Amino acid sequence: MSIWWSLHLRREAASVPLARRLLIGAMETAGVDPDISYDLSLALSEACANAVEHGGDSSTGYLVTAFIDGDTCRIEVTDSGPGFPEQPRSHERRRPRPQPPRALAPAEDEHGRGLFLIESLTDHVRVRNRPGRQGAVVTFDKILKWREDAALLRAS
C-alpha cells in the first residue's frame, strides 16, 4: 500500500512545527518506528525552515509532499525563492572535478547546517532548481522500519 499527502504552507515560522506534527501523526498512525519518524520529522523541519527563510517574497508559500510507498518515505519541499546557485552542466566539463567535502558549519553558527542535517538523517538527498521556474526543490528519502502493530502493514 502507498499513501501520500501534500500541503501548501505560508512562508511563516508557524508553518514549520505544523508540517512536522502532521508528518509525525501520519507516521505514528501508519506504524512507522518512532526513531525513523523522529529523523524524518527533523529533516522536514530543516527543509521547511530553509523554505521559510530563503523561499521568495513573503506573499508566496511553499509546498510539502510526503509519499510512503512500500518501505520508503520520500519527502519533497518546493519553494519559489531564488533557488540554488547554478552548477555547470556535466557536458560542459571535460572531466568531472572532485567536489570538496561539505564542511559542517561551526557549532556556534546559527545558519548553514540545514542541508548537512538532512543529509545526515536520511538515506538519499537531492537538491535542484525548479525546471522552468524560480525556486528550489529539496527531496529526501528514508528507508522505513515498522512497529510490529503497524496499521499500514496490516492494510496491505
Side-chain angles (χ1 to χ4, degrees), residues 1-56 60-81 83-84 87 90 96 98-131 133 135-156:
M1 174 183 255
S2 63
I3 60 171
W4 68 274
W5 53 264
S6 191
L7 300 168
H8 186 247
L9 299 164
R10 296 173 66 101
R11 280 192 56 242
E12 54 191 42
S15 69
V16 177
L18 172 64
R20 182 180 176 135
R21 286 184 198 120
L22 286 169
L23 178 67
I24 288 173
M27 296 284 167
E28 184 177 306
T29 301
V32 174
D33 177 83
D35 290 337
I36 299 295
S37 296
Y38 178 79
D39 288 351
L40 278 167
S41 68
L42 186 53
L44 176 61
S45 294
E46 290 298 328
C48 290
N50 284 344
V52 168
E53 185 172 347
H54 306 291
T60 62
Y62 66 101
L63 183 67
V64 174
T65 304
F67 307 89
I68 295 177
D69 188 22
D71 287 337
T72 303
C73 180
R74 171 169 286 169
I75 298 175
E76 188 170 275
V77 178
T78 305
D79 67 41
S80 56
F84 295 100
Q87 298 293 321
S90 60
Q99 296 294 321
R102 185 178 297 214
L104 178 60
E108 63 276 359
D109 282 2
E110 292 185 25
H111 300 287
R113 294 186 301 243
L115 286 175
F116 178 81
L117 283 170
I118 295 168
E119 289 173 342
S120 298
L121 294 165
T122 62
D123 297 317
H124 181 260
V125 178
R126 181 177 178 210
V127 295
R128 59 184 165 60
N129 290 326
R130 291 172 65 183
R133 296 202 212 160
V137 181
V138 176
T139 305
F140 49 94
D141 300 338
K142 181 121 176 125
I143 302 299
L144 300 175
K145 293 179 187 169
W146 302 93
R147 296 188 325 253
E148 286 185 26
D149 65 339
L152 195 60
L153 293 179
R154 286 193 309 250
S156 305

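One-based numbering along the sequence shown. The shown structure was predicted, so the numbers you read here are calculated from the model rather than taken from an experiment.
- For Ser120, there are no side chain to side chain donor-acceptor pair (under 3.5 Å) partners at least two apart in sequence or on another chain.
- Closest of all the heavy-atom pairs between Gly61 and Ser80 is O-OG, 4.1 Å.
- Partners of Arg128 under the salt bridge (Lys or Arg N to Asp or Glu O under 4.0 Å) rule, at least two apart in sequence or in another chain, are Glu76.
- Remark: Ser15 pairs with Tyr62 by the side chain to side chain donor-acceptor pair (under 3.5 Å) rule, at least two apart or across chains.
- When side chains are defined from C-beta on, Lys142 counts as touching Ile36, because their heavy atoms get closer than 4.5 Å.
- Considering only heavy atoms from C-beta on, Leu40 comes within 4.5 Å of Phe140 through its side chain.
- Looking at heavy atoms from C-beta onward, Ile75 lies in side-chain contact with Leu23 at the 4.5 angstrom threshold.
- Listed by chain and number, the residues in a side chain to side chain donor-acceptor pair (under 3.5 Å) with Thr65 are Ser6 (sequence neighbours excluded).
- For the residue pair Asp71 and Trp146, a side-chain donor N or O sits within less than 3.5 Å of a side-chain acceptor on the partner.
- Closest approach of Ser37 and Val32 over heavy atoms only: OG-CG1, 3.5 Å.
- Distance alone, capped at 3.5 Å, places no donor-acceptor pair between the Arg147 side chain and the Asp33 backbone.
- Closest non-hydrogen pair, Ala19 versus Leu7, comes out as CA-CD1, 4.4 Å.
- Residues passing the salt bridge (Lys or Arg N to Asp or Glu O under 4.0 Å) test with Arg20: none are found, sequence neighbours excluded.
- Judged by distance alone, the side chain of Asp79 and the main-chain N or O of Gly135 form no donor-acceptor pair under 3.5 Å.
- Residues Leu9 and Val64 form a side-chain contact, since some pair of their non-hydrogen atoms from C-beta on lies under 4.5 Å apart.
- Side-chain contact between Asn50 and Val138 is absent, with no heavy-atom pair separated by less than 4.5 Å.
- Judged as a side chain to side chain donor-acceptor pair (under 3.5 Å), and not counting sequence neighbours, the contacts of Glu12 are Arg10.
- Between Ala13 and Pro17, the closest heavy-atom pair is O-CD, 3.3 Å.
- Here the closest heavy-atom approach between residue Gly83 and residue Ala136 is recorded as CA-CB, 4.0 Å.
- Here the side chains of Met27 and Ile68 are in contact, with some heavy-atom distance below 4.5 Å.
- Arg11 and Ala51 make their closest contact through NE-O, 3.1 Å (heavy atoms, listed as atom of the first residue, atom of the second, distance).
- Side chain of Asp123 to main chain of Ile143: a donor-acceptor pair is present (N/O by atom type, distance under 3.5 Å, no hydrogens or angles).
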